[in-house]
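In what follows, a single structure is set out as structure tokens and then discussed.
Counting convention: from 1, in listed order, for ligands and their atoms alike. Quick caveat, the model's predicted, so the values are computed rather than measured.
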Amino acid sequence: MFVFVVSALSILFVSSRVLAYLSALKRVSYIPGLRCALAPLAFPGALFPTASWNPGLTWPWAWRKDVSDYLMRTLAVGLPCIYTSSVEVATQMFSPRPEIWKDPHAHEILRLWGENVLSTNHDMHRRHRRVTASAFNGSIYGLVVEETAALYYEMMDGEDWAAASSVSVTGINRYMSKFALGIISRCGFGLPFPWIGSAKVDGMAFDEALSLVAKSSVIRISTPRWAYKLPIKKLKKIDKAYTILTEFIKQLIATKKEELLMHGVDIARDRKDLFTKLVAANDSENEKTRLNDDEIMGNVFTFMFAGDETTSSALTTSLALLALHPEEQERLVPHIREVIGEDRTPTLAQVDALYQVLACIQEAVRMFPSAALLPRDKTDTISLNMPDDEGNKQVVVEAGVRLVVDMIGIHYNPRLSERFDPTGWYGTKDSELRFFGWGHRVCLGRKFTMTEGVCFLSLLLRDWKVEPILRGGETAGLWRERVLQMGMRGMLFGVRDVPIKLIKRERE
Ligand code: HEM
């Protein structure tokens, strides 16, 4: 009986997905080169590995070289989606049109801490963007340089690497993840984030609470509140981390407001972290445009989530690619020594002058974009220009079909290949970059992340030579095949554990 009921339900479920899929196909009038993925019509498709017949979960990476067309698929739940790797189509989707938005139900996870610049739409988004953008100006980048250099030396001492002649790590990802979290905590909240020995609150180290919160959004959003009362250790820990952080940030907001009352917006000039700048910028707004406390909290946490995994992926993949390209390291080291000499803490102007290091990170983010899929929903039927070999075609896509930009596909078009070539980025303008998104929702933290990355890599490459740790008989090419494979890591795409060796360089 049980087997019969389960089979009947499964057949019903699969058929409903097939029908949803076919009706969605009918609602897309014509798309040049549209390819339809049938396999993941129901739940099992997402569980099986990606293959030519099954998109699975990692298809944006596995099918990255096949970028000339559009892919249509449905998942077990949710709307049928059209994925596009066309810059022209993405540009239309990223333009501020009233009928294109981020559906709040589909973006629940972004609102975990309150409405914010990443989760809102239209007028509300303009309001959040106006206030948050003013936090990302001027003095924040000088602070990023100071804190990056300070944390680099703390990491060297804390890990006992400073006195070593070589160091081997099985996964540099873990260190880069802690590093990125440390910088966003220090420069985002003005928090002391020591590499070793963070203060304990309620028996939990503060950096552990931060890290748990940063990495557990999926669990938090998908677990009902009552489940936290069950004797499950992991859930209890996550709940505690959330409580500690929420209380802390509430307290911080109250303190900043008091400081503002006493000293006026001048405190933003002395303290340069994003949080202080945000509270001060908000204070200058009028009643209608001012953000409330929940929205401030939502935005500051958004900076943390948007900036942690993305930056740590950029640092990890840059080091992996440089390990595979010793000739690039040898080109960078004289450039770094010429610009920053043996200084312990470079200035912002020096970091800005290190364009060759910047180009390496840009190339790494191009090849391994962690923000791999950018979805947009439609409140209405829309018409898009979809270019193909024969010219432009007007395509009508009805409401009920989600459009998703495949950022990996966009960055692996035939012009930009698998080859690591940072020189292609020399002198590129900000507006030409694609991996930070573009249009009115372009990434707010792009200079923040690149300043941190250039400063960190320059200090590290000046001190260390980076090599891949190969298994017996493995070549560098095989190491790349084994290690540099992207898949879902946390909320975003990332590579596997990157095993590398650091060999101390002679000082000049
Ligand atoms: C390599 C690192 C990074 C990458 C690749 C990246 C990528 C992106 C992309 C593609 C978007 C557009 C999302 C969309 O259109 O739906 C975006 C938006 C955003 N990013 Fe980043 N990001 C990075 C680092 C950062 C950092 C360090 C911060 C903050 C400190 C940050 C804050 C934001 C915010 C607030 C938005 C929302 C902008 C809006 O919707 O108006 N990002 N990022």
Check this for me: does any side-chain nitrogen of one of D497 and R489 sit under 4.0 Å from a carboxylate oxygen of the other? no
Is any side-chain N of the basic residue among K272 and E146 closer than 4.0 Å to the acidic one's carboxylate O? yes
Short version for H128: what comes under 4.0 Å of ligand 1, heavy atoms counted, is neither
Spatial distance of atom CG (L321) from atom CD (Q329) [nearest 0.5 Å]: 11.0 Å
Can you tell me which residue and heavy atom of the protein come closest to [atom], and the distance to 0.1 Å?
atom: atom 40 (O) of ligand 1; answer: R441 NE, 3.1 Å
atom: atom 26 (C) of ligand 1; answer: G307 CA, 3.4 Å
atom: atom 32 (C) of ligand 1; answer: A306 CB, 3.5 Å
atom: atom 6 (C) of ligand 1; answer: F436 CD2, 3.7 Å
atom: atom 34 (C) of ligand 1; answer: L444 N, 4.0 Å
atom: atom 13 (C) of ligand 1; answer: L374 CD2, 3.9 Å
atom: atom 36 (C) of ligand 1; answer: L118 CD1, 3.6 Å
atom: atom 28 (C) of ligand 1; answer: G445 CA, 3.5 Å

Heavy-atom proximity to atom 22 (N) of ligand 1 ranks first, among G437, P369, C443, A180, for C443
If you count the atoms of ligand 1 from 1 in the order shown, which ones are under 4.0 Å from a heavy atom of [X]?
X: V117; answer: 35 (C), 39 (C), 40 (O), 41 (O)
X: I184; answer: 30 (C)
X: R376; answer: 14 (C), 15 (O), 16 (O)
X: K102; answer: 16 (O)
X: F303; answer: 29 (C), 30 (C)
X: F435; answer: 5 (C), 7 (C), 10 (C)
X: T311; answer: 27 (C)

Can you tell which of V145, L358, I140 makes a side-chain contact (heavy atoms from CB on, under 4.5 Å) with T451? V145
Would you mind telling me which of N299, I296, V213 makes a side-chain contact (heavy atoms from CB on, under 4.5 Å) with W113? V213
Within 45° cone and under 6.0 Å: R366 NZ/CZ vs Y412 ring: yes
Out of curiosity, is H125 lining ligand 1, as in a heavy atom under 4.0 Å away? yes
Given side chains that start at C-beta, do those of [X] and [Y] come closer than 4.5 Å, heavy atoms only?
X: R446; Y: F435; value: no
X: T84; Y: L403; value: no
X: E295; Y: M124; value: yes
X: V365; Y: T317; value: no
X: W101; Y: T120; value: no
X: V483; Y: V495; value: no

Shortest non-hydrogen contact from L332 to C360? CD1-SG, 3.7 Å
Any nitrogen or oxygen of [X] lying under 3.5 Å from a nitrogen or oxygen in ligand 1? Just yes or no.
X: T302; value: no
X: T310; value: no
X: R129; value: yes

